[in-house]
Amino acid sequence: MIPVIDVDLEAIDRNHRAVREAVGVPVMPIVKASGYGHGALPVARTVEAGGAGWIGVADGSEGVALRAAGLRTRLLCWLHSPTTTWDSLIAAELDLGVSSLEQLALIGSAAEHKRRGAHASTVNVHLKLDTGLGRGGAAPLEWRTLLAQARDYERRGRIRVAGIMSHLSGTSPADDAEQAAEFARGCELAAELGLDPEIRHLAASGAALRSPGTRFDLVRLGIALYGLEPDAGIGAGLGLRPALRLRGPIQRLGDRWAVGVGSGDGLPPLPAGHALPPLVDSAGEQWRVDEVTPVHLIVSPLGEPPAIAPRPADPDAESGADPARELIVIGRPDDGGATADDWAAAAGTINYEITTRLSGRIARRYEPGAPSDEARVVAWPPIEDPGRAVTSPVREAVVDLELFARRLARLRRRADTVGADRDQLAYAIDVSSDAYGHGLAELLPFLRDSALPLIVRTRNDLEMLRRRDADARLVPDAPTGTRAIYGLDPEQPLRATLSLRSELVHVKRVPAGQRASYGYEWTASEPTVLGLVPLGYADALPRSAFGRASVTVGGCPVPIVGRVAMDQVVVDLGGLEAWPGMRVQVWGNEPGERSLGEWAQWTGWSPESLCASIGERVDRVYIGRKTSGFGQ
Ligand SMILES: *Cc1c(COP(=O)(O)O)cnc(C)c1O
């Protein structure tokens, strides 16, 4: 038995219909970031079958994948790299959110090219206006130019302005109303300039349910589709049903009990003295959560401890409760234990982060039944895109193979000097959690050449390794030194073999008083320049980084300002000369760069869990050498 995420597609279908009925305008279900952890494709198929005319995602690559899987619905994407291969997005017939004149010009020229080619359909764009959120979207001073330029392209048959869009801060109903008024002004200006879009869309789940005046022609529906409320009580009367449940077998871990999911799988670390309600097991017994480690959830029975099953003959089998019990880690309300909302409250975050961060390494099981194999999405091994097209912003986990191989060689030399005792844990390498997010596929040849023993800490990881024809010992409580090869031994932290980088996708000058991101937690005290970095809590940056963390751009530290969103953060570039496409180093090893250790301090997520929980939209990039140098 291994941990599993159950996804109730019928609940998603019902939530979709319930909200559509309640808001009285069409809805665009949002399935970005693997459908908030539920699986983009099964959710998209469900809402398409439920009559959705539109589906939204952040990245072009997410839209391309849905199109390739056979979705026929209109698909909108809005988060683009400055180096996007627009032809690929146009070929997939995606609607494109456009935030700047540069993007518009590039799309216009790609569309012109296409028009002269075989396929003559026009390219649909949605002009994105910043009405106060300070993230993507054109600043008000640029609106007229952007709208007029778009109208010009439209007249020349290059594009069709299918939509005008913006996004709300959700700070308060009054703030949302103010943004709605700004948005209406932008739409009037568009009409004045001769544009006649099919849809004007502003509201996401929160405002759609709370403020009818923000609904315009369509609402974009994210969190409520999955049955969770964007703010407590906001969906009252709709009968929203949470779709997701995470459960896993209860095992022995030394003299404690544990389930094989941890912060490296996306569960948030909990503060000491947390108020998470007890979890419930399959026998109806309650368990308290003691600790969330990178690979385990450590729990204690509140009632009589269960009997311990006799140790099985298989040396790799874990021992667990007798009879076997399964713990519901994140439950639906009917399950009686802790829900995604409870986890969010206990960890000081929001329900969005709880489901969205859950690792793609955890198997998803879809209810009702799986109509086909495709509906059972197990994101291991990760799907590799063979093409060279740039269809999403740059998000890269860079693995330093040189450093890895050097440490491996040193360990092997030490093992050789002790000879026969080489199988000891002191020379073992922990490859749990896809080698702590490094990507086992690329490391395995090096590890095989080294002939050093491999270990994993959970059955899930053991099975994944075996699927790759590799073997390891299952040692759930191995010493942390087995992670030293990555620089991830908390006892002896070294340079991390994995660093994280991205790019600026949008840069804009803003006046004093400009606010940034959800909840308007930050206000510019003087005129400044804001940059948009396409990395959010779905990808790597925990929300707890808020107010503390910084990154480096062009070698200079710049603070993240405002809340961390699912797909992006805003940085205050101040007086720095910066352009879209400029590299952003989140953490790294070069002088002046922020370190993984600092990120761990700022966020409360351990270095190993930060690396292991890096999301599926982040590419692994390998630098250094191609071979291990063991010469076998
Ligand atoms: C994520 C997102 C949504 C969905 O927001 P919810 O609060 O989950 O409904 C809508 N619009 C944009 C632009 C988004 O990025």
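Ligands are counted one by one from 1 in listed order, and the atoms in each one are counted from 1 as well.
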Task: Tyr226 ring center near His38 ring center (under 6.0 Å) - done: yes

TODO: Flag the pair Tyr352 / Tyr537 as yes when their ring centroid distance falls below 6.0 Å, and as no otherwise.
DONE: no

- [ ] Check whether the ring centres of His167 and Phe183 lie less than 6.0 Å apart, and answer yes or no.
- [x] no

Open item on the list: So if I apply the side-chain hydrogen bond (donor to acceptor under 3.5 Å, both in side chains) rule between Glu198 and each of Arg160, Arg74, His126, which one comes out positive?
Closed with: Arg74

Task: ring-ring contact (aromatic ring centres under 6.0 Å, His included) involving Trp86 - partner list, sequence neighbours excluded - done: His80

Task: Per-atom contacts of ligand 1 with Tyr36, taking only distances under 4.0 Å to non-hydrogen atoms - done: 1 (C), 4 (C), 5 (O), 6 (P), 8 (O)

TODO: Provide the closest heavy-atom pair for Leu535 versus Ser502 in the form atom of the first, atom of the second, distance.
DONE: CD1-CB, 3.7 Å

Open item on the list: Pairs of nitrogen or oxygen atoms closer than 3.5 Å, one from Ser205 and one from ligand 1: do any exist?
Closed with: yes

- [ ] Compare Met165, Arg220, Met566, His201 and give the one whose heavy atom is closest to atom 11 (N) of ligand 1.
- [x] Arg220

Task: Nearest-contact summary for atom 5 (O) of ligand 1 - protein heavy atom, Å - done: Ala204 CB, 3.4 Å

Open item on the list: For atom 7 (O) of ligand 1, what's the nearest protein heavy-atom neighbour? Residue, atom name and distance, please.
Closed with: Tyr352 OH, 2.6 Å

- [ ] Kindly identify the option in His167, Lys32, Arg135 whose heavy atom sits closest to atom 15 (O) of ligand 1.
- [x] Lys32

Task: Ligand-side contact atoms (ligand 1) for residue partner Gly222, heavy atom cut-off under 4.0 Å - done: 4 (C), 6 (P), 8 (O), 9 (O)

Task: Leu221-ligand 1 polar pair, N/O distance under 3.5 Å - done: no

